[in-house]
Amino acid sequence: MSSAIGLREVSGLVHEQKPRRGLLDLVASAMVVYAMVSATPVGNLIVRTYHWVTGSREKHRPLLSYFETEGSLAVAHAPSPVPDAVVERIVEPPKPDAPTTVEAKKVGLSPNLARAISIVLSNGREVEGHYDVDLPAPARASFAAVGARLAARAASAKERETALLEGIAKLGQRLSSDEAAVAACAVELRDVEFALARARAEGVENPDRYRSFRPFLPPEHRADADLLVDGAFALDIAFAMRWPVDVRAPISSRFGWREHPVLRARELHTGTDIAVGAGTRVHAISDGKVLYAASDAVNGNFLKIDHGHGLMSAYCHASKLEVARGAAVRKGDLVALSGSTGRSTGPHLHLQIELNGKPVDPELFFRFEDLAFGAAGFPQQSTVR
Amino acid sequence: MTADKETGSERRPGAFTRFSLFLGRLRGLFFPLAIFAVLSVGLHVGSDQLDDHLFVVTNALDSALDALLGAIIREVWSWFGARPETIDAATFRAADFIDLEAKVTAARLGALAFELAAVFVLALPVFFYRARDGDLRTTIQRFARSLKDPTILKVAAPLGVLFASVAGVFAVSREIQVLAHSLASKLVADPAETTALAAIGGLLAMAIVFVRIALPATLSAIGYAERIAQNEIILAVPASRRRMRGLFVAIFALPLSGLALAATPFIGTVRALVFW
């Protein structure tokens, strides 16, 4: 009688006298070594050592980048997905009659997202009011897979932009996720569908969000997808932000180089100072998670909110913080009361917006006549600029 | 050779079996590397969590440093009768001494250093494991016996290896599933089939790596710790020093592997693989 094969036999844990088979062990070993080399700093060090010994010159991922996978701390070292020149040229959110807005509405796409993805894929170049988009190869494959129109490279900027927006809209309908639709412009559709389905099946929180399904994208395409998705959605979120206080409050100091009122030295003013009295209610400019609620000698009591995709906002010199670290906030939520704590000459709110760890001018993203703080009782008018 | 049960004669094994037996003889060359790899993957899952905790610590340290420097500067400048604006300016510059980027970098460097230390004390010794340490029955019996004369290593090494290797199994399964999908999509046109192949790949990876690497690694760790303790008894190492053996494993590797295990999505991963 032959006995049933148990776990001990399968795992090779029996005290053996006979020679042991090794094929399964080799397969298992190959898998774990592959995972170690592709996903750990130790694997990176081993590969570096190998290249050093063999004298081959290879580019290696920085060791600290292995801690950038998920979570908000990633942004401090991530490359900016939006080129500086593009950020400097953004003056305001899309106007209702802008060509991109009109095309976006035709295909049922959010005008903010349409403008954001067009900016990123055109590097901000405009031709006759349309973004001069250049479609990456994976985007062409994904568009073809959903039967979207493909504009020839020689077609006009208008045709190419229209084709892009139609393609994104079709991908969005197919995938039920705008972030996945944009990711499918950097990674082929079938890989995005797999990653999305895998994240949904695993039951992760918000599986349709890029950060949730990113770990299931092919490793070699993740960096491209990061640049495209984070770039587009950071702008998309930024275009939809709300002013944190009453729009009638005057701006006392704008973003840019200035002479510091206390230090009497020329320095980059990394945000916008809004003159509001002590105790004024300060609201979150967009949905996000409180990264820190802390205090130091420079910023006084301050909050930093992570809005995702490398976009953060900071609210400094508060007299009181109304939310704690880790709290989830919605756009318009009360987060602090203004004050004059830290390096400050009088009560004001220092609003700072950072894109991938780099401060950008907050005023670039707001169009004051569209601000609607109905619930907070703020009037819809433009008196600031 | 295998025995034919009916005739009693011996049959020559097939080419596949011979190849597998040949690989079995080479097992000693690649198997320690496999255990090292699975532990490295698992420990990295833990250090990825540690990074966030260290960031909170660096923030707290920075705040404390700001307060200390501010107090010193105010005190020292006041001896010379400096004006309040001058004192403020000096204090503000001191508070800028450590910026956000420096804190994030410090947290990541700390996590990396901790991970490397854990790999050094937990994963590197696998190259001293013995194949026969993996004998299930005798190892468990030996483990039960050995706890009558416990050392830190006897507890910390098996637990650390178990936690880190289980976390590693799940991380490897995820990587293999993605890789399998990537490969399958080049060979098979139907997305449903590629998805199924990827799920099968992930499940197989999980099962094979757990059974063939994680489990033997844990038992080998028990045997290794026991052998170290026995050797030290033979060498007449004082009991107090012998009991402290494995302190660094307990300090570096055990917390990291515990964090890794806590961060491992057991149910989610299994659900994603089985109920696709």
Side-chain angles (χ1 to χ4, degrees), chain A residues 2 7-8 10-15 19-29 31-36 38-43 63-64 66-67 69-71 73 76-77 188 190-191 193-195 197-198 201-204 215-219 262-264 292 294-298 343 357, chain B residues 20-21 23-27 30-31 33-34 37-38 40-41 44 48 51-52 55 59 63 66 70 88-89 91-92 95-96 100-101 104 108 111-112 115 119 134-136 138 171-172 174-176 178 181-182 185 191 195 198 205 208-209 211-213 215-216 219 265 268-269 271-272 275-276:
Chain A
S2 64
L7 184 67
R8 293 167 61 222
V10 172
S11 61
L13 297 177
V14 283
H15 183 75
R20 178 183 285 181
R21 296 182 188 194
L23 186 59
L24 212 51
D25 289 336
L26 185 70
V27 171
S29 302
M31 289 192 288
V32 290
V33 170
Y34 164 78
M36 177 182 72
S38 61
T40 70
V42 172
L63 287 177
L64 294 187
Y66 289 89
F67 299 93
T69 46
E70 262 69 52
L73 298 185
H77 286 279
E188 284 196 27
R190 61 193 306 171
D191 289 331
E193 282 186 314
F194 167 77
R198 178 69 170 72
E202 192 171 300
V204 298
F216 309 108
L217 291 174
V262 174
L263 301 178
R264 297 289 169 207
Y292 353 96
S295 179
D296 67 32
V298 176
R343 186 191 290 178
Chain B
S20 187
L21 288 169
L23 291 175
R25 285 197 290 275
L26 300 179
R27 193 171 179 268
F30 60 80
F31 198 64
L33 180 64
V38 81
S40 299
V41 172
H44 180 63
D48 211 14
D51 162 43
D52 283 353
F55 180 70
N59 253 335
S63 293
D66 282 353
D88 274 353
T91 313
F92 295 155
D96 268 341
L100 168 65
E101 190 156 336
V104 171
R108 288 181 179 166
L112 178 64
E115 179 180 339
V119 167
D135 185 321
L136 184 64
T138 54
V172 169
R174 176 182 278 195
E175 291 290 329
I176 295 301
V178 174
H181 181 267
S182 211
S185 60
T195 300
I208 293 172
V209 174
V211 173
R212 300 297 303 194
I213 297 179
L215 209 51
L219 297 177
T269 306
R271 189 173 57 200
F275 304 106
W276 188 249

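A, B, ... follow the sequence lines: proteins, then strands. Residue 1 opens every chain.
For A:L26, the side-chain contact (heavy atoms from CB on, under 4.5 Å) partners two or more places apart in sequence, or in a different chain, are B:L23, B:F30. B:P265 pairs by the side-chain contact (heavy atoms from CB on, under 4.5 Å) definition with A:E202, B:R174, B:T269, not counting sequence neighbours.
Neither the backbone nor the side chain of B:A171 has a heavy atom closer than 4.5 Å to any heavy atom of chain A. The part of B:V119 that comes within reach of chain A is its side chain, from C-beta onward, which places non-hydrogen atoms under 4.5 angstrom from that chain. With a 4.5 angstrom heavy-atom cutoff, A:F216 touches chain B via backbone and side-chain atoms both. Both the backbone and the side chain of B:L112 have a heavy atom closer than 4.5 Å to some heavy atom of chain A.
Each of B:S185, B:A198, B:S182, B:A205 has some count of heavy-atom pairs under 4.5 Å with chain A, and the biggest count is that of B:S185. The most heavy-atom pairs under 4.5 Å with chain A, out of B:L26, B:I213, B:L33, come from B:I213.
Distance alone, capped at 3.5 Å, is enough to place a donor-acceptor pair between the B:S20 side chain and the A:L23 backbone. Side chain of A:S29 to main chain of A:D25: a donor-acceptor pair is present (N/O by atom type, distance under 3.5 Å, no hydrogens or angles).
Here CZ of A:R198 is found 12.0 Å from CG of A:L217. Values are rounded to the nearest 0.5 Å.
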